[in-house]
Amino acid sequence: MRQFIIVVSLLVSQSLAAAGVPVYVDKAVIMKVQAGTAASGRVVAGEIHSLSAEISESIRSMEVRVGDTVRAGDKLAQLDDTEIRNNLKSLKNRMGYLKAQLALLNQRKAVREQQLRRAESLTTRDLLTRDATEEVELNLIEAKRDVVKTVYELEDLNLEIADIEHQLNHTQVTVDTSGRIIEVNVTEGQYVRSGDRLFQLLPDFGVEVEAEVRPEAYESVSVGQIVTGNIRQSLYDLKVRALIAEQNQRTGSRMIRMQFVSPPESNLVLGEPVDLRLPIGKMSEQITIAKDALIPGKDGHRIVLIIDGKAEPRRITLGTGVGNRIAVTEGLKAGDLVVTQGQEGLRKGQKVSVLGNQS
């Protein structure tokens, strides 16, 4: 039985080898593309969240350090809540006492109202003097006053309890967005006041790319335009967020700011270099391929061509990105088939089987 399975496996392997490695392809086509120029940028902080103390207390424990990655809702620090909890317990005990007192006062008021009704009935029949009836009226007024006073104390106490509970909720310092801790300004045991800055957080979408570019490149881009950035041999689509008009008097260059269209796959370091391909000049016809075909490497990007049904790895020179495609300035001609799925690990001359065309 075992020999039979081995034989079947060998036959299947030989069959697959004969058919070729299954791949998806894209055809290199000519499109109108704006000429590009290389520029250098760097990763910068586009948005930093500062987390400050909401109450004045001492830090009981710290849960994070600089560089830690956190998710929305994570606890960063715990402030001492002993005194606040004791105050809350005392106030709730007083709340119970005042509620019980209010119930008794309402009972007394009900009795005083009954007494007044009887007194008024007796006065009508001349069985009770007017002075005695007025005394009963005064007793009822006093009972109502005590009820109003206790109701006011209860409402005032509710406000105190709400304030204490608000303070208690803020003894836990939490974060409302995912990101990285880039600054810690306190230590365990330190006393902080309301408003003191505790942490600084760089959100996941808080990084941008900043580049100082030549005037011709600055004038060729517009807000909202998508450009290509290369970081650690990975390509990213960047959307121009702002064109900063201030000019460098020495070089004549100006600054542009770009946002990541999709979150970076890895934690980027502030100041990390970015190789940019910016549009410049007029539109021209260039060969383009799908970005999925690119294989990044230390010495640049390469692709895998299909020639006569066999794999042919080739190094290329990239131009400007156009949506999900990118221009190739060297290494291809129009009509060439490039592998977009399954290209990893393909060897030169290896037979392939095309499953579908992306173009």
Side-chain angles (χ1 to χ4, degrees), residues 31-51 67 69-72 175-183 197 199-284 286 288 290-292 294 296 301 318-327:
M31 296 177 59
K32 284 193 173 183
V33 179
Q34 195 170 11
T37 182
S40 296
R42 62 190 182 98
V43 177
V44 296
E47 178 183 8
I48 295 178
H49 289 185
S50 293
L51 291 91
T69 299
V70 295
R71 296 179 180 273
V175 62
D176 59 2
T177 186
S178 300
R180 277 180 291 152
I181 302 296
I182 60 173
E183 187 176 302
R197 190 169 71 189
F199 304 94
Q200 282 198 306
L201 173 83
L202 180 65
D204 288 340
F205 265 103
V207 290
E208 293 184 343
V209 173
E210 181 181 75
E212 190 172 330
V213 300
R214 302 196 311 269
E216 57 268 30
Y218 181 90
E219 292 168 2
S220 297
V221 297
S222 57
V223 173
Q225 188 169 358
I226 304 297
V227 301
T228 301
N230 189 333
I231 307 174
R232 304 177 195 171
Q233 299 302 319
S234 294
L235 294 181
Y236 291 95
D237 285 334
L238 303 168
K239 182 169 71 173
V240 177
R241 180 182 65 81
L243 302 173
I244 301 172
E246 186 177 354
Q247 181 172 307
N248 185 320
Q249 296 300 320
R250 183 173 60 85
T251 63
S253 58
R254 295 178 180 177
M255 200 74 70
I256 62 174
R257 280 280 188 130
M258 293 153 283
Q259 297 174 318
F260 286 87
V261 174
S262 300
E265 295 178 358
S266 59
N267 287 334
L268 301 180
V269 179
L270 296 182
E272 189 168 1
V274 182
D275 294 326
L276 298 168
R277 191 72 183 175
L278 299 177
I280 188 172
K282 297 181 179 180
M283 301 286 285
S284 63
Q286 297 185 34
T288 67
K291 290 180 179 179
D292 290 342
L294 300 176
H301 289 80
L318 298 178
T320 304
V322 187
N324 61 354
R325 302 184 69 80
I326 191 164

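Numbers here simply count residues along the sequence, with the first being 1.
Side-chain contact between Leu270 and Val44 is absent, with no heavy atoms from C-beta onward closer than 4.5 Å. The closest side-chain heavy-atom distance from Phe199 to Val70 is not below 4.5 Å. Residues Val207 and Pro264 meet the side-chain proximity criterion, which asks for heavy atoms closer than 4.5 Å. Between Ile256 and Val227 there is no side-chain heavy-atom pair separated by less than 4.5 Å. Looking at heavy atoms from C-beta onward, Val175 lies out of side-chain contact with His49 at the 4.5 angstrom threshold. No side-chain heavy atom of Ile48 sits less than 4.5 Å from a side-chain heavy atom of Glu183. Between Val274 and Met258 the shortest side-chain heavy-atom distance does not fall below 4.5 Å.
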Problem - side-chain contact (heavy atoms from CB on, under 4.5 Å) assessment of Gln200 paired with Ser50 - result: CA-CA 5 Å; Gln200 282 198 306; Ser50 293; 3.3 Å; yes

Practice task
Test Thr37 against Arg214 for side-chain contact (heavy atoms from CB on, under 4.5 Å), laying out the working first.
Solution key: CA-CA 10 Å; Thr37 182; Arg214 302 196 311 269; 3.4 Å; yes

Handout entry: Working for side-chain contact (heavy atoms from CB on, under 4.5 Å), residues Phe260 and Leu238
Key = CA-CA 5 Å; Phe260 286 87; Leu238 303 168; 3.6 Å; yes

Practice task
Determine, stepwise, if the pair Asn230 / Leu318 fulfils side-chain contact (heavy atoms from CB on, under 4.5 Å).
Solution key: CA-CA 11 Å; Asn230 189 333; Leu318 298 178; 5.8 Å; no

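Taking each heavy atom of Tyr218 and Met255 in turn, the nearest pair found is CE1-O, 3.6 Å. What you find for Ser178 and Ala72 is that their closest heavy atoms are OG-N, 3.3 Å. When all heavy atoms of Ser220 and Pro279 are compared, the closest pair comes out as CB-O, 3.3 Å. Scanning both residues, Ser253 and Pro215, for their nearest heavy atoms gives CA-CD, 4.5 Å. Pairing each heavy atom of Gly46 with each of Arg257, the nearest pair is CA-NH1, 4.0 Å. Closest non-hydrogen pair, Ser40 versus Ala211, comes out as O-CB, 3.6 Å.
Using a distance-only test at 3.5 Å, with no hydrogens or angles considered, a donor-acceptor pair links the side chain of Arg325 to the main chain of Thr288. A donor-acceptor contact shorter than 3.5 Å links the side chain of Arg180 to the backbone of Leu268. Checking side-chain atoms of Ser284 against main-chain N and O of Val33 turns up a donor-acceptor pair under 3.5 Å.
Note that CG of Asp237 and CD of Gln259 are 13.0 Å apart. Values are rounded to the nearest 0.5 Å. Here Gln286 contributes atom CD and Ile326 contributes atom CD1; the two are 10.5 Å apart, rounded to the nearest 0.5 Å. Rounding to the nearest 0.5 Å gives a distance of 9.5 Å between CZ of Arg277 and OG1 of Thr228. Considering CD of Glu216 and CG of Leu278, their distance stands at 10.5 Å, rounded to 0.5 Å. Here the OG1-CD distance, from Thr251 to Glu212, works out to 4.5 Å after rounding to the nearest 0.5 Å.
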